[in-house]
Structure formats: C-alpha cells, structure tokens
**Q** 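One structure follows; several queries about it will come next.
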Amino acid sequence: MSKSASSNAGGQVRPKSGRPEVPMATAKNWLREMMLIREFELRCMQAYQDKKIGGFCHVYIGQEAVAVGTIAATEARDPIVTAYRDHGHALARGMSPNHCMAEMFGRVGGCAKGKGGSMHMFDRDNNLFGGHGIVGAQIPLGVGLAFATKYEDEVINAQKTGGKSNRVTLAFLGDGALNQGSVHEAMNLAGLFDLPVIIICENNGYSMGTSITRGTTMGHQISAKAEAYGMEGVEIDGMDVIETYWAMKELVEKVRATSRPIFVDMRCYRFKGHSMSDPRKYRTREEEERYEQGDPIGVLKAQLELRGLTEDDHKEIQREVRATVKSAIDWAEQSPFPPTSDLYRDVYREKWGPYTGSSDPEMLGGAENDCKFNAIDTTIDRKADLL
Amino acid sequence: MSIATMREIEFRDAVREAMSEEMRRDIRVMLIGEEVAQYNGAYKVSRGMLDEFGPRRVIDTPISESGFAGMAIGAAMMGLRPIVEFMSWSFSLVAADPILNNAPKMLYMSGGQFGCPIVFRGNDGAGGQLGSTHSWSVEGLFSNVPGMKMVIPSNPYDAKGLMKTAIRDDDPVFFLESERLLSMRGEVPEEEYLIPFGQARIARAGTDCTIVAFGRMVNIALEVATELEKENISCEILDMRTIRPLDAASIIRSVKRTGVCVVVDQSWSFGSPGSEVAALVHRECFDDLDNYVHRVHSADVPAPYAHNLEQEYLPNARRIAEAVRSSLYRS
Ligand SMILES: Cc1ncc(C[n+]2csc(CCOP(=O)(O)OP(=O)(O)O)c2C)c(N)n1
Ligand SMILES: [Mg+2]
C-alpha cells in the first residue's frame, strides 16, 4: 500500500461546521452536474474501447465535486484554465455535452472543431481558456489571464471600475504538475504582481504511477509551498461538493476584494486509471475501495436524502443524464469529420500562403471568428489614467 | 517613402519609437521583461519608457522566462497585446514550451477561438564573443513552427516599420534584433510608416548574382558587393526582412534574371531558412540556374569564444565573396 493513501484519505479533511445551507434546488443541480460528468466519462471510456475516441483520454471520475464546487463559486465572467483532465471543467462551465463529445470524437461540431481533442477543450463563450496537454503549462497562462483581467479593470477601464480589479481566475493543476518549474515561476509572478488568481491543485495523490510522497517534498502538506510565494495556502475537501463550494466561495470573494493570489490543496482521488491504458499496479484495491466509500456523488446524495431527496428523484436524474449523454453521442456521431480544407484553417488569423515553394502560393484559410477574437472590448475608454 | 522629415537615429531608438508610438495608440499594448523598466533595458532599447507609461505598462520581471512568457501569452489570449523582451533570444530556450507549444498553436488548437497577438523580441546572433550559450541564432530552430511569424530587420528604418506591424499583427511575432546592430545609425522619418510582412527589399540592384540575406548578414553582403564590383561582378541583394512569411516571389523574380543565387543566413545550415530558400530556388528556377545555390551559414559547430574563431564561425565577407565567385565559376 502506498504511503500517500493514508496522508490523503478522501473525507479526512473535515467540513467546517456552521456553513449556511445551500438551497435544495441548487444542490440538486450540482448532483445532476456531477452525475452528468460521471455518465459522460463512463461513456467516453466505452467509446474509447470502441475506438471512437483516439489519442490520450483522461477521465475525471472521482473528482467531479472539484469542478462542480469550484466553478459554482465563480461568475461566468471569471476565466478558467485547466490541464488535460478537462471534460469535467468544460461541462461544469456550461459547455454543451454535444460539443464536448464531438470534440472527443474528432468531429467538426466539437468545441474546437475537432482540432484539440480530449486534452484541449476550449470554450470562448464560457470563458474556458483550455485544456492544456503539457503538464503545468496552463499555470503561467492562468496567471496571465489574471494579469489581463486586472490590467483591463485597473488600467483600461479604470474610470468604469474605479480602478479596482473585479474578476477572479481559476487555474487548475494536478499534484504532479506542482513539480514543474514553470508552475513555480508563475506562482512567484502571481505573488509578486498581486494577481487575482486561485491556483487549485487537484491533489488526487498520484501523477500517473507516482504517488505524491514519491515525487513531491512536503507531500503531506503541499499548501506550505504557497507560503514561499507570499500567498495563502488552503486545504479543501474536494470529495464534498458543498464544502468545496463554501470554501471556494469564501476564497473567490477574498480574491475579488484583495486581488491577491491563493493556492488550494484540493484533496481528492481519481477512481480510474491515469488514462485509458493504466492497470493501476501502483496502488491497492483496498485503497481504492476506501476512497470509493467517500464517492463525492454518494456523499452529496446522502446529504440530500437527509433533506428529502428520494430514490425516485435520484433515478429520475440518472435517467435524465443518461439520455443527455446518449444524445450527445448520437449528436457527435452525426457531426461530420472536419473537411480536409480545415487542415489549413486557423493557423494564422489572416489567410496565408504557406511556403509551398511557389511564387504564387495558394492562399489558405484564416480564422473565422473575427469578432470573438479579443475578449477585451476595445471600444473602452482610452483616456483612463494610465499611471 | 514619400518626402519626409528624416533624422538619423540608432537601431535601438527605432525599436523604442515603434513600441512607444504603438503604446500611445493602443492601451492594450504593454512591455514586459527583465530590466525593461527601472534599468531602462539591458541594452537601453526601452530607455525612458517607464517614465512615459508607468509601471503598469512597462513591467520588470524576475528571471523567469518560462513564467513571464507564459503569463504574457495568457494575457494575449484575453486580448492584451504584450511585447515580451528576452534579454537575448539565447535565454528564450528555457521558455521554449510557452513560445513554441502555446503561442503559435493556440488559434489552431482552439478551433479559432483564442489567438495570441504577442511580440517576442530580443537580441539574436553571435558576434560579441559571448561563447556558445549566449550566441544563439534561433532562426533555424524556431522558424520551423507554423503559426508564428518571424521578423529579422537589418537597419533602423526597417526595424521601426516592421516593429509597428508586428505589434498590430494578430498572430505571434518573433522579432529578432541583433546586439551588433543596436548602435547602427540610419535615416528614419519623423512621420509614421509601417512595413508589411512578406515583402523583401532590394538592398542593392544587380545583374550577375542574387544574394538572399537575412538581418545583419544583409549589411555584410552589401560590403562584399561593393568589393566585388571591382571584379566586375554585379550583385543584387535581397533583404528578406521576414522569414515567415517568406517572400518567395521576390527571390524567384530576381534569380530568374541573374541565374545565380547565394544565400547568406547566420543560422546553422541544417534545416534552416537558407536550406529552405535553396529548395525553393532549385524547384522554381531549375531551368534558369547556371549553378546550384551556394549557401553561407555559421559553421556547423557551437559558437566559439576566441575572436578569430568567432569571426571564422560567422558568415563573413571572405566566405560570402568566395561563394559568389564560385557560383559564377570565377574562383
Ligand atoms: C511536460 C510533460 N511531461 C510529461 C507529460 C506526461 N504526463 C501526462 S499527465 C502526467 C501526470 C500528471 O499528474 P498530475 O499533475 O498529478 O495530474 P493528474 O493526472 O493526477 O490529474 C504525465 C507525467 C506531459 N503531458 N507533459
Ligand atoms: Mg494527480
């Protein structure tokens, strides 16, 4: 049995008492979202076996409470960026399961027109700035998103906002990613520049087959690393969506008010293998079972049963999410493969002549979404006090 | 250029004027890098910019190329238009992941949703006896990546006009300055002008041999051409200005007239802009060529420190002249 298991047992971080009650409808909605993600991922696993999904595919089963609870604590205008285990974040942020599944299937109806795949989910409308495949790379980007919101609020729109930053970026990473150099550079920059970002380490105890104690110093208390960068480090029980929500709500409000970064050690566990081809030899079945008893969906269901959720209600939600995911699969399957002309689209913003060795190169497709390209409204007041 | 009020300024001033003018024009533009603000720039390119624009738009960073390049890319995804100064392109290698894996691919991977209007700039090339770690010419290494644009000016006028275009461009631009050129003086008009990408300049007209050159190499080729005139050799020199996009049409037009082509590219020869030009010319001008394309590159070794070795390492006047004579069967 790996040592990390005992140091990272799901549910060991006790929920704080004295939290207000979440309205039943809201909590039920979270249950639905978590069950939707679970169902989505189970069907992805099947579709992967059926070779409908290619490449690397990392499912989020076991960690649903993290995406749902953290994102519920944000506003839609708050940017989000994450790693390659990103389907849950995309769905929790409001991406249609159809577009998400179509991306998995490499179809033109996918959120990135089939150019990104499982690890690279992007959604402009929902302020999801990607899924990123290189471990840790999204943290400098996330710190940059926070830099930009602060710059926009405090420099460009200073007159409108009273010079006060008011958006919060969530930047997610895994516990293994915490050993990537660029993450530490980015944390230093976030601390140095007072950037409104919450760096959420989804600490599921493993990076592929390496338990946190084998790869990370202070693995029992990674929030200690935050201190070195002048930011607060907080531990949250990521197996309990209600606790995750309240704890995050507090942090989001704090960052909105102070424009100071915060680091979160989000305790969780991934129930399945790292990717589709992982026999999980590095951990015991007993350990897995122990965590499965703290299944975040089961935990929330039990909490809601105390407030009157019935077995029929639960079955109804199950039916609903099954139907949603089934139709997402149908939708994805009906979405065409990208036309081969798409190969040359979106490389540059303008049409471009790829170097073909010709004096008169064929001009190939630029990007379509001109108006959506710049998140920042350029019609804004330019006379803001720049200093 | 129409009648304009000319002044003579340094290359570094030209780059700074371009940045400052664009920052006055567009509040989304900001400058970030090591020592760019309080120190006025390690090479004084950003001198005075902190005073004019303040610390929110001219931003000193710690020595974290990967961190601040990635941060600037995130900001560009949100719609800011950062200019990132690398003290030297040699130091950009520790930021290879953000500048190669994120910036040029974001638009494509997101299906057109997020782009990266960003400029990376800094010193490129050997010549200052800095030894191998500090003497990178990144042209060959980086221009391999689709989704980016690469600019390599040879003089102050071009540096200013190209930098303004770079800042307004919606795609990531790699702007290669040369520390050897920063103090070069040249005429630059007071009036605003922009130079489009992908349009080579005929730095010297000639009839016998086309020399295709990039950046600082243009100036060395010009010296060689003056010398070769004494041998009755008339060289036409193309200053390519940008490597991506590459102005294939100008190269082909010139070589079809001269029938002879020499490429001068300070990066290593293997898989380089020079080899790309050679492939292009061999394919498009096959029947017009009197000789195979001769290429002058840095020697295929790490950059040495010793002055004499470094001079021999870089494309120099002697090697360029030899290539021209050889391609004309005059050696
Ligand atoms: C720079 C880099 N190195 C290695 C990999 C291969 N890789 C992908 S995921 C992963 C493990 C990361 O674990 P963690 O950060 O804990 O995230 P989790 O998978 O647990 O969500 C590795 C080694 C990669 N994608 N990028
Ligand atoms: Mg992990």
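Because the structure is a prediction, the values reported are computed rather than measured. Note on naming: letters A, B, ... go to the chains in the order of the sequence lines (proteins, then strands), and numbering restarts at 1 for each one.
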**Q** Tell me which of these, B:G147, B:G67, B:G198, B:P172, has more heavy-atom pairs under 4.5 Å with chain A than the rest.
**A**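 The residue among B:G147, B:G67, B:G198, B:P172 with the greatest pair count is B:G147.
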**Q** The criterion is side chain to side chain contact (heavy atoms under 4.5 Å, CB included); which residues satisfy it with A:M119, sequence neighbours excluded?
**A**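 So A:M119 forms a side chain to side chain contact (heavy atoms under 4.5 Å, CB included) with A:F56, A:H58, A:Y84.
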**Q** With a 4.5 angstrom heavy-atom cut-off, could you sort out which part of A:N188 is near chain B: side chain, backbone, both or neither?
**A** side chain
**Q** Considering only heavy atoms, which portion of A:H184 lies under 4.5 Å from any heavy atom of chain B: side chain, backbone, both, or neither?
**A**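 When you check distances to chain B, no heavy atom of A:H184 falls under 4.5 Å.
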**Q** Sequence neighbours excluded, which residues qualify as side chain to side chain contact (heavy atoms under 4.5 Å, CB included) partners of B:I59?
**A**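 Scan of B:I59 (side chain to side chain contact (heavy atoms under 4.5 Å, CB included), adjacent residues dropped) gives A:F147, A:F193, B:M30, B:I32.
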**Q** Given the ring of B:F197, does B:R241 sit roughly above its face, with NZ or CZ under 6.0 Å from the centre of the six-membered ring and within 45° of the axis?
**A**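 No - B:R241 does not lie over the ring of B:F197 by the 6.0 Å and 45° rule.
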**Q** Considering only heavy atoms and a distance below 4.5 Å, find which of B:N102, B:V94, B:T61 pairs most often with chain A.
**A** B:N102
**Q** Would you mind reporting whether B:I99 and B:F142 have side-chain heavy atoms less than 4.5 Å apart?
**A**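 Yes; the side chains approach each other to less than 4.5 Å.
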**Q** Do we see a donor-acceptor contact under 3.5 Å between the side chains of A:H87 and A:S118?
**A** yes
**Q** Among B:M106, B:K149, B:M109, which residue forms the greatest number of heavy-atom pairs with chain A at distances under 4.5 Å?
**A**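 Result: the option with the highest number of such pairs is B:M109.
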**Q** Please determine, among A:I139, A:V143, A:L145, the option with the most heavy-atom pairs under 4.5 Å with chain B.
**A**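 Option with the greatest count: A:L145.
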**Q** Should the pair B:F174 and B:W89 be assigned to parallel (<30°), tilted (30 to 60°) or perpendicular (>60°) ring geometry?
**A** parallel
**Q** Can you say whether B:R244 sits under 4.5 Å from chain A via the side chain, the backbone, both, or neither, judging by heavy atoms?
**A**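 Looking at B:R244, just its side chain touches chain A.
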**Q** What part of B:D247 lies closer than 4.5 angstrom to a heavy atom of chain A: side chain, backbone, both or neither?
**A** neither
**Q** Please state whether the side chain, the backbone, both or neither of A:P79 comes within less than 4.5 Å of a heavy atom of chain B.
**A**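 Contact with chain B: side chain only.
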**Q** Relative to chain B, which segment of A:L343 carries a heavy atom at a distance below 4.5 Å: side chain, backbone, both, or neither?
**A**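 Both backbone and side chain.
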**Q** Is A:K113 salt-bridged to A:D346, going by a charged N under 4.0 Å from an acidic O?
**A**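 Result for this pair is yes, salt bridge flagged.
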